[in-house]
Amino acid sequence: MAQTETDGQEVLETREWVDSLDYVLSKGGPVRAGRLIQQLALHARRAAGVNLPFSATTPYQKHNSLSATGAVPRKSGNGAPH
């Protein structure tokens with residue numbers, strides 16, 4: 001098989017997987033889609049030794065407090081921060 005045919009097949013397969021994931025998201029929601037992706041990753045690891053890269057990221061972002069950023073609230077004439 002020529003490289004362009006292989007690339008075309010990969011593009012087609014990827015599009016089909018993305019379309020399927022979109023369907024699961026629309027019918028089952030993000031929790032169901034997440035469980036499905038976990039099951040696919042587990043199956044790939046057990047069946048073929050596929051190791052997906054580990055990511056310790058979460059949907060939460062770290063927010064610095066004012067003291068951590070060095071910003072200090074200004075005080076008004078009566079001594080209260082504003």
(message) With heavy-atom distances below 4.5 Å as the criterion, would you say the side chains of Q38 and L42 are in contact?
(response) no

(request) State the CZ-CZ distance between R35 and R32, to the nearest 0.5 angstrom. (result) 5.5 Å

Identify all side-chain donor-acceptor contacts of residues 15-25 below 3.5 Å with residues at least two apart in sequence or on another chain.
from, atom 1, to, atom 2, distance (Å)
R15, NE, D19, OD1, 3.0
R15, NH2, D19, OD1, 2.8
S20, OG, E16, O, 3.0

(request) Report the residues that fulfil side-chain contact (heavy atoms from CB on, under 4.5 Å) with L52, sequence neighbours left out, ordered by chain and then residue number. (result) A41, V50

(message) Could you work out, with side chain to side chain donor-acceptor pair (under 3.5 Å) as the rule, every residue matching D7, not counting sequence neighbours?
(response) Q3

(message) Using the side chain to side chain donor-acceptor pair (under 3.5 Å) criterion, which residues pair with Q39? Sequence neighbours excluded.
(response) none

